[in-house]
Amino acid sequence: MKILVTGGAGFIGSAVVRLAVARGHAVVNLDALTYAGCLANVASVAASPLYAFEQADIRDRAAIDAVLARHSPDAIMHLAAESHVDRSIDGPGAFIETNVTGSYNLLEAARDYWARRGRPEGFRLHHISTDEVFGSLGPTGRFTEASPYAPRSPYAASKAASDHLVRAWHETYGLPVVLSNCSNNYGPYHFPEKLIPVVILNALAGKPIPVYGAGANVRDWLYVEDHAEALLAVLSRGTLGQSYNIGGEAEARNIDLVRMLCALLDEMHPEGAPHDRLIRFVADRPGHDARYAIDPARIRADLGWRPSVTLAEGLRRTVAWYLGNEAWWRPLQGRAGVGERLGTRA
C-alpha cells in the first residue's frame with residue numbers, strides 16, 4: 001500500500017511514517033515544516049526506497065493536488081494540524097486556517113482524486129483527531145465514540161470542526177473515510193513545548209518545572225508507538241464511516257506524572273537530584289479541561305488492538321530517549337515560543 005501521510009514530520013505523524021515503512025508500505029510524507037516539524041524525526045527511513053518527502057502546506061489546495069497526481073497514493077492519513085492548546089489561546093487564527101480550512105482543502109482534493117480514478121474500492125482517507133473535542137469529564141466516566149462534542153479551547157474547537165467536515169464528506173459525497181480520536185500521546189520525538197518534554201528538559205537544566213494550577217488535571221496517556229500501531233490497524237481494517245477512540249488506559253494527574261518523571265530522573269540522571277525540588281505551581285490555563293479518559297472498547301473488540309506499553313515503562317523509555325538524544329532536542333529549544341509561557345493572553 002502507498003500511503004500519503006500529512007504532517008509526517010511531526011510527533012505522531014513521524015511515528016506512523018517510521019512504522020509504515022518498517023511494515024513495507026510506501027510512504028509519501030507531506031509536511032509544511034512549520035515550527036514543530038522536524039525531518040530528523042524520520043531520518044531513520046529517509047534513505048529507504050519506500051519513502052518520499054514533499055514539503056507542502058495543506059492550506060495550499062494546488063500543492064495537495066500536485067502531490068496526489070505525482071504519487072497516486074492508495075490511502076491518505078491526515079495528521080497535519082496545529083496542536084498546542086496554549087498557542088491556540090494566543091493565536092487561534094492559525095488553528096482555524098490549518099485545522100479547518102486545511103482539512104477542507106484535503107477533503108476536496110481527495111474527493112476529486114478519488115473520483116478521477118473511478119472511485120476505487122480500496123481507497124480511504126483516515127482522519128486522526130483528539131479526545132479534546134469531547135470537552136471535560138468529571139471524576140468518573142470515559143469518552144466513547146458516542147460522546148457529545150463539547151470543545152473548550154480554540155484548538156479543540158478547530159479539531160471538532162475538522163471531524164464534522166470529514167463525516168459530512170462521507171455522508172454527502174460518499175468519500176470513504178475512517179476517523180480516530182486519541183488521548184494524550186508521549187514518547188520519543190515529542191516536541192519540547194509539551195508537558196513531558198518540558199519536565200525532562202527543565203529538570204536536566206536545573207530550571208523550574210511549571211505545573212498548571214494544583215496539578216489535579218487528569219489525562220489518559222498513550223505511548224506514541226502504540227498509537228501508530230492502532231492507526232495502521234484503523235486504516236487497513238476499520239469500517240468505513242466509523243470512528244475509533246484510541247486510549248492508553250493509563251490515567252494520571254499532572255502532578256503525579258511530573259513526580260514520576262522526577263523520580264525516574266533521580267535514578268537515571270542523579271546529577272541535580274532530587275528533581276522534584278524544581279516543581280513550581282503556576283497560574284492555570286484558561287478553560288483547562290479537568291479530565292480526559294478514553295474507552296477503547298470498540299477498537300479492542302473490532303480490531304483487536306490494545307496498548308502494549310504501561311505508563312511506567314513508557315515514561316522510562318521516554319526519559320532514556322531524551323537522555324540519549326540531546327542532539328535532537330537541543331536545536332529545537334531555539335524555535336519560536338519554546339521555553340516560554342504561552343496561553344496567557346485570554
- What residues form a side-chain contact (heavy atoms from CB on, under 4.5 Å) with Arg316, not counting sequence neighbours? Leu264, Glu267, Met268, Glu313

- Note on the structure: The salt bridge (charged side-chain N to carboxylate O under 4.0 Å, His left out) partners of Arg253 (sequence neighbours excluded) come to Asp256

- Message: Checking Arg70 now: which residues fulfil salt bridge (charged side-chain N to carboxylate O under 4.0 Å, His left out) with it, not counting sequence neighbours?
- Response: Glu54

- Message: Restricting to side-chain hydrogen bond (donor to acceptor under 3.5 Å, both in side chains), what partner residues turn up for Asp60, sequence neighbours left out?
- Response: none

- Query: Any idea how Phe134 and Tyr149 line up, ring-wise: parallel (<30°), tilted (30 to 60°), or perpendicular (>60°)?
  - Reply: perpendicular

- Message: Just to verify, what does Tyr244 make a ring-ring contact (aromatic ring centres under 6.0 Å, His included) with, not counting sequence neighbours?
- Response: none

- Can you list every pair that meets side chain to side chain donor-acceptor pair (under 3.5 Å) and has a residue in residues 24-34, with sequence neighbours left out? Asn29-Tyr51

- Message: According to a hydrophobic-cluster definition based on side-chain heavy atoms being under 4.5 Å apart (Ile, Leu, Val, Met, Phe, Trp, Tyr only), do Leu332 and Tyr189 belong together?
- Response: yes

- For Asp226, which residues count as a side-chain hydrogen bond (donor to acceptor under 3.5 Å, both in side chains) partner, sequence neighbours excluded? Ser308

- Message: Please tell me whether Arg87 and Tyr35 have a donor and an acceptor in their side chains that are separated by less than 3.5 angstrom.
- Response: yes

- Message: Taking side-chain hydrogen bond (donor to acceptor under 3.5 Å, both in side chains) as the definition, give me every residue that meets it alongside His227, ordered by chain and number, with sequence neighbours left out.
- Response: Asn185

- Message: Once side-chain contact (heavy atoms from CB on, under 4.5 Å) is applied, do any residues pair with Leu201, and if so which ones, sequence neighbours excluded?
- Response: Pro192, Leu204, Tyr322, Trp329, Gln333

- Task: Apply side-chain hydrogen bond (donor to acceptor under 3.5 Å, both in side chains) to Tyr155 and list each qualifying residue two or more places apart in sequence or on a separate chain.
- Result: none

- Which atom pair, heavy atoms only, marks the closest approach of Phe143 to Asp131? CE1-O, 3.8 Å

- Other than Leu179, what residues sit in its cluster of Ile, Leu, Val, Met, Phe, Trp and Tyr side chains whose heavy atoms are under 4.5 Å apart, directly or through others? Leu4, Val28, Leu30, Ile58, Ile64, Val67, Leu68, Ile76, Ile96, Val100, Tyr104, Leu106, Leu107, Tyr113, Trp114, Phe123, Leu125, Leu165, Val166, Trp169, Tyr173, Leu175, Val177

- Listed by chain and number, what are the side-chain contact (heavy atoms from CB on, under 4.5 Å) partners of Glu225, not counting sequence neighbours? Pro188, Tyr223

